[in-house]
Amino acid sequence: MHKTANLPASGSMIALMVVSTSVALYLLNTTENFQKAQEMAVTSQLAFLGAAAAFVLLLVSLLDQIKTPLKFIYSCFLKPLSKNGDVSTPQGRLEAFYKDQAEIFDDTRSALLRGRHTGLALVAAQLKEKLKVSGSNKAPIWVDLGGGTGWNIEQMNSYFPISKFERVYLVDLCPSLCRVARERFQTLGWSNVVVLCEDALNGSFPGIENPDGKFDVITLSYSLSMMDSYYSVVDRIYELLEPKYGILGVSDFYASNNILKTDTHGVENYQCNWFTRNFWTIWFSFDHVYLHSSRREYLEHKFEVKKVINGRNHMIIPYLVQIPFYVWVGQRKRYEFQQQSPIAQLKAVANVSVAPDSFAVDEPTLHQLQVNDLRPRSMSTDSGSSQGSEAPDSPSSVGSSRTLVGANQSASTRAMIDKQVEARFGRKLSQWRLPYNPTLPCHTQFRSYIYAFTWEDPRIDLEVLNLQKDDVMFVITSAGDNALEYALKGQPSRIHCVDMNPCQNHLLELKLAGINNLKYSEFWQMFGEGRHQDFRRILIDQLSPSLSSTALQFWFKNRSTFDDCFYETGYSGLALRLFKWLLRIKGLTKTAEEISTTEDIHVQEQLWENVVKPSTLPEWLVQWVLSHPAFLWNALGVPINQMKLILDEGNAVQYIYDTLDSIMTRSLFKNDQYFYNLVVNRKYTRESCPSYLSEDGFQLLKAQKSTDAMLLHTKSIIDVLRSLQDGELTKAVLMDHMDWFDPKDAEEEIKEVSRAIRSGGMVLWRSAGRKPWYNALFEKYGFEVEAVGVRVPGSGVSIDRVNMYASCYKATKK
């Protein structure tokens, strides 16, 4: 910083002169101080002149810094375009607008054109995935339409080296910007980059005789909205893009219409308010930038959407000025493929790049895969969906014991199964995620996940269910920990993970993407330590290709989740934070850490009984906390109906003491009780964590591809059950959610469970009641119910490592 920057401002200098002069005049009134006053007046004048000179020097020193923004403001808002040549043509308008600011273009656009880095990183991640999937060794060809000064291409080099492209074409209509681009690439020494100053619609590409279908990557960064022949340009891009794996990336401003978007892709944060969509549409039109909603709608009609992030630019006044922008990645729609018959589609899917003898597909096999009726059950039965939820999916034999998913399957077999899943449920949003309507009230009520970790002991589940590789499971997603445990230990052929809360499925999807794409050390940082300082980068660079667009948008919006402590996020994180604060207030942090690290179970018990319990859980505090329904739900996930079950059989204080006292004598926090170890430390340790978080478990899941068995349903449990065939399921884990129901809803769901579970199949559930009233409903609908474990009040004996529930039951279908 210049030293003159520390001098007083001009207003202070003038005030100094006025005050000192006034004092001098006052002194003039006395003969005795005349000489002193005269000296002070001269001094004040000299001080003023010195300050003025310093101020001028300050302006001169700042000239270089303010020259660029002043030039930008003049060129964009004040300069008449008509004085800079012919503006009757698109090229003339562009040249008139950019000629005087071409040299400063890159310096003045970083705040305005948001999302460009993210867009390039997404495209690069998709390109790497495409090269891996296709198995092609051919260097890709990229064209950046409306590429301007070449900034995009230079930045792309940090995500995907320019040297790995066969050719890169920059196409732009503005001569001044193209001149800057040529100078840039000459300086960088990139001989495979060609700058073409021509129209994006009618241009040719040197070195490519027939360019149709030849481009692996096409990008447009804040240029598509400026193109007059928009629809023709989009059609031409469709022709140029490689048909099977070609990637289109767009970053630009947009405006939505006033109709609620129902397409799954890009719904999050898409809708603009009345002022935003009208003001920016009019504002940008003065510079021939067109944001009408039909433009983006046509783009998404023409191309298949892969990834979308909708954002708001708060560059001027945060949260008051909101300029909508989007980052979008897509590919060509395969119309010809979609118009084929189901048999032809399965044949086409079978013809993937694998060894000729790896998998033989004959007509009987294809017939067997398609033998089931693909109509929705609602067409042949009178069962309807519950109010406020989506229509049920249609049934098929997908997930039956005949259709196994595992590491020993060829790519052809998995592709055929995926195609059958899509024939049944619709086009998958990711490898695991099934489509849903994010705008329904039953989904929009959730702003975040409730559970950042699963609070049921999977060890008991695995002992009771005795999972086999031909099992078809139905589980509630929660945080996904137990579903991953089942996949690791039991390797069932299919696991239907169901949750009405989209954010719970976003969380499991993130874990699945992490298992598929990350090294163990990175995965452990995220879900073991609960923090990863580089999450923003790995989200885009490594995880985005495997995530659905809705999950990507959610995690991009919440990209600070892993900055500090992941397990303090979500509604369950509130309980962990409160416990942490309570320990600090009571001065028990060190004691709690000792409980989690001791190797002596008697020490663990004594520290709890004599120190922690009396200070943190006095009866009055437990009674007060459990009397607030909002806290019970938001922090503990306990609804009113479940609390009523507890109170009907005893009192809440005794229930809490029965839960925790027996845990302290069951096993050590240090190496077994990872549930409560997490509560104390808000992270796992290598000795005390779920099996999928151990290095051996992680590597086994990755090697066996056990996670391929998972399908993530974002719907109500009753709707997913209705979509399943009679007897399709073999095992179901309902956790504790039956506690939440009234008798009518419970009976309706149990009836559907009975239909979907085959004879000999099992259902497992937990309850806050020792003998829940709905056990009789399971018996009514053909199940034999038996207790796995029931707590005895005051006995000091736990039923599992969590012991949060008073009972655990299994029901076997007769």
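Hydrogens, waters and symmetry mates are skipped; everything else that's a heavy atom, side chains included, is used. Residues: numbered from 1 along the sequence shown.
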(message) Take a 6.0 Å sphere around NZ of Lys683 and say whether it holds more than 12 heavy atoms from other residues, nucleotides or ligands.
(response) no

(message) Do Gln704 and Ser706 pair up side chain to side chain, a donor and an acceptor below 3.5 Å, judged on atom types alone?
(response) yes

(request) Pick out which of Lys810, Arg766, Arg801 makes a salt bridge (charged side-chain N to carboxylate O under 4.0 Å, His left out) with Asp461. (result) Arg766

(request) Before accepting this row, confirm whether a basic side-chain N of the pair Asp708/Lys705 lies closer than 4.0 Å to the acidic partner's carboxylate O. (result) no

(request) Grab the two heavy atoms, one from Arg531 and one from Cys565, that are nearest each other, plus how far apart they are. (result) NH2-CB, 4.4 Å

(message) Do Met526 and Leu518 make a side-chain contact, defined as non-hydrogen atoms from C-beta onward lying under 4.5 Å apart?
(response) yes

(message) Between Phe562 and Phe527, is the ring centroid distance below 6.0 Å?
(response) yes

(request) State plainly whether the residues Asp648 and Arg770 are in salt-bridge range, i.e. N to O under 4.0 Å. (result) no

(message) Is it the case that the side chains of Glu456 and Tyr805 hold a donor-acceptor pair, with the cut-off being a distance below 3.5 Å and no angle test?
(response) yes

(message) If we ignore hydrogens and angles and just use 3.5 Å, is the side chain of Ser754 paired with the main-chain N or O of Ile750 as donor and acceptor?
(response) no

(message) Return the NE2 to CG distance between His117 and Leu122, rounded to the nearest 0.5 Å.
(response) 13.0 Å

(request) Mark yes or no for whether Gln604, through its side chain, and Met664, through its backbone, hold a donor-acceptor pair below 3.5 Å. (result) yes

(request) Take the angle between the ring planes of Phe523 and Tyr692 and call it parallel below 30°, perpendicular above 60°, tilted in between. (result) perpendicular

(request) Evaluate the side-chain proximity of Arg433 to Leu547: yes if any heavy-atom separation is below 4.5 Å, no if none is. (result) no

(message) Assess the residue pair Asn516 and Gln431 against the criterion (side-chain contact (heavy atoms from CB on, under 4.5 Å)); give the C-alpha distance rounded to whole Å, side-chain angles, the decisive distance to 0.1 Å, and a yes or no.
(response) CA-CA 11 Å; Asn516 273 23; Gln431 180 179 345; 3.4 Å; yes

(request) State, yes or no, whether a side-chain contact exists between Thr598 and Leu607 at a heavy-atom distance under 4.5 Å. (result) no

(request) Flag the pair Glu728 and Arg494 as a salt bridge only when some basic side-chain nitrogen lies within less than 4.0 angstrom of an acidic carboxylate oxygen. (result) no

(message) Quick check for you: to the nearest 0.5 Å, what is the distance between Asp745 atom CG and Ile717 atom CD1?
(response) 11.5 Å

(request) Check whether any side-chain heavy atom of Leu429 sits under 4.5 Å from a side-chain heavy atom of Ser549, and report yes or no. (result) no

(message) Pair Leu512, Leu484 - check side-chain contact (heavy atoms from CB on, under 4.5 Å), show working.
(response) CA-CA 9 Å; Leu512 293 170; Leu484 288 169; 3.8 Å; yes

(request) May I ask you to check whether Asn517 and Ser546 show a side-chain donor-acceptor distance below 3.5 Å? (result) yes

(request) Over all heavy atoms of both residues, which pair between Met500 and His443 is shortest? Give the atoms and the distance, please. (result) O-ND1, 2.9 Å

(message) Looking at every heavy atom in both Trp555 and Phe566, which two are closest together, and how far apart are they?
(response) CH2-CE1, 4.5 Å

(message) I'd like to know if the side chain of Gln606 reaches the main chain of Val603, judged simply by a donor and an acceptor atom lying under 3.5 Å from each other, with no hydrogens or angles considered.
(response) no

(request) Determine whether Asp658 and Val792 make a side-chain contact, defined as any pair of heavy atoms from C-beta on separated by less than 4.5 Å. (result) no

(message) Could you tell me if Arg682 sits above the aromatic ring of Phe579, with its cationic atom closer than 6.0 Å to the ring centre and no more than 45 degrees from the axis?
(response) no

(request) Under the side-chain hydrogen bond (donor to acceptor under 3.5 Å, both in side chains) rule, what do Ser667 and Asp672 come out as? Steps first, then yes or no, please. (result) CA-CA 6 Å; Ser667 59; Asp672 189 47; 2.7 Å; yes

(request) Check each of Lys557, Lys307, Arg447 against Glu268 using the salt bridge (charged side-chain N to carboxylate O under 4.0 Å, His left out) test, and report the only one that passes. (result) Lys557

(message) Tell me whether Lys702 at atom NZ has more than 12 heavy atoms from other residues, nucleotides or ligands lying less than 6.0 Å away.
(response) yes

(message) Consider side chain to side chain donor-acceptor pair (under 3.5 Å). Of Glu747, Lys751, Lys813, Glu752, which one does Tyr781 pass it with?
(response) Glu747

(message) The test is side-chain contact (heavy atoms from CB on, under 4.5 Å); show your working for Asp471 and Gln468 and say whether it passes.
(response) CA-CA 5 Å; Asp471 272 323; Gln468 305 296 317; 3.8 Å; yes

(request) Flag yes if more than 12 heavy atoms outside Gln533 fall under 6.0 Å of its CD atom; otherwise flag no. (result) yes

(request) For the pair Asp481 and Lys511, find out whether any cationic side-chain nitrogen is under 4.0 Å from an anionic carboxylate oxygen. (result) yes

(request) Take Glu784 and Thr812, measure what side-chain hydrogen bond (donor to acceptor under 3.5 Å, both in side chains) needs, and give me the verdict at the end. (result) CA-CA 5 Å; Glu784 182 180 341; Thr812 306; over 6 Å; no

(request) Measure up the Trp765 and Tyr809 rings against each other and bin them: parallel (under 30°), tilted (30 to 60°), perpendicular (over 60°). (result) parallel

(message) I want to check something: taking the side chain as every heavy atom from C-beta on, are Asn505 and Trp432 in contact at a cut-off of under 4.5 Å?
(response) no

(message) Using 0.5 Å steps for rounding, measure from the CG atom of Leu539 to the CZ atom of Arg559.
(response) 9.0 Å

(request) Kindly compute the distance separating CG (Leu576) from CG (Asn681), expressed to the nearest 0.5 Å. (result) 10.0 Å

(message) Measuring from atom NE2 of His506 to atom CG of Leu552, what distance do you get when rounded to the nearest 0.5 angstrom?
(response) 10.5 Å

(request) Using a 4.5 Å cut-off on heavy atoms from C-beta on, say whether the side chain of Leu617 contacts that of Trp608. (result) yes

(request) Can you measure from CD (Glu529) to CG (Leu693) and round to the nearest 0.5 angstrom? (result) 10.5 Å

(request) Considering non-hydrogen atoms only, spot the tightest contact between Ser596 and Asn677 and give its length. (result) CB-OD1, 3.2 Å

(request) Check whether the ring centres of Phe741 and Tyr774 lie less than 6.0 Å apart, and answer yes or no. (result) no

(message) Looking at every non-hydrogen atom in both residues, tell me the closest pair between Lys731 and Leu467 and how far apart they are.
(response) CG-CD2, 3.9 Å

(request) Might you work through the side-chain contact (heavy atoms from CB on, under 4.5 Å) test for Asp600 and Lys670, ending with a clear yes or no? (result) CA-CA 10 Å; Asp600 188 335; Lys670 178 181 173 62; over 6 Å; no

(message) Run Ser572 and Tyr449 through side-chain hydrogen bond (donor to acceptor under 3.5 Å, both in side chains) and show every step you take.
(response) CA-CA 8 Å; Ser572 61; Tyr449 40 87; over 6 Å; no

(request) Please check if the side chain of Ser807 supplies one atom and the backbone of Val790 the other of a donor-acceptor pair under 3.5 Å. (result) no

(request) Please confirm whether the backbone N or O of Phe446 pairs with a side-chain atom of Asn501, one donor and one acceptor, at under 3.5 Å? (result) no

(request) Report yes or no: do Asn482 and Thr454 form a side-chain donor-acceptor pair below 3.5 Å? (result) no

(message) If you compare all heavy atoms of Val802 against all heavy atoms of Ile663, which two are closest, and at what distance to 0.1 Å?
(response) O-CD1, 3.6 Å

(message) Counting C-beta onward and ignoring hydrogens, is there a side-chain heavy-atom pair between His496 and Met473 closer than 4.5 Å?
(response) no

(request) Output all residues satisfying salt bridge (charged side-chain N to carboxylate O under 4.0 Å, His left out) with Glu609, sequence neighbours left out; order by chain, then residue number. (result) Lys613

(message) One thing to verify: whether Glu568 and Arg577 come together as a salt bridge, which I'm taking to mean a side-chain N less than 4.0 angstrom from a carboxylate O.
(response) no

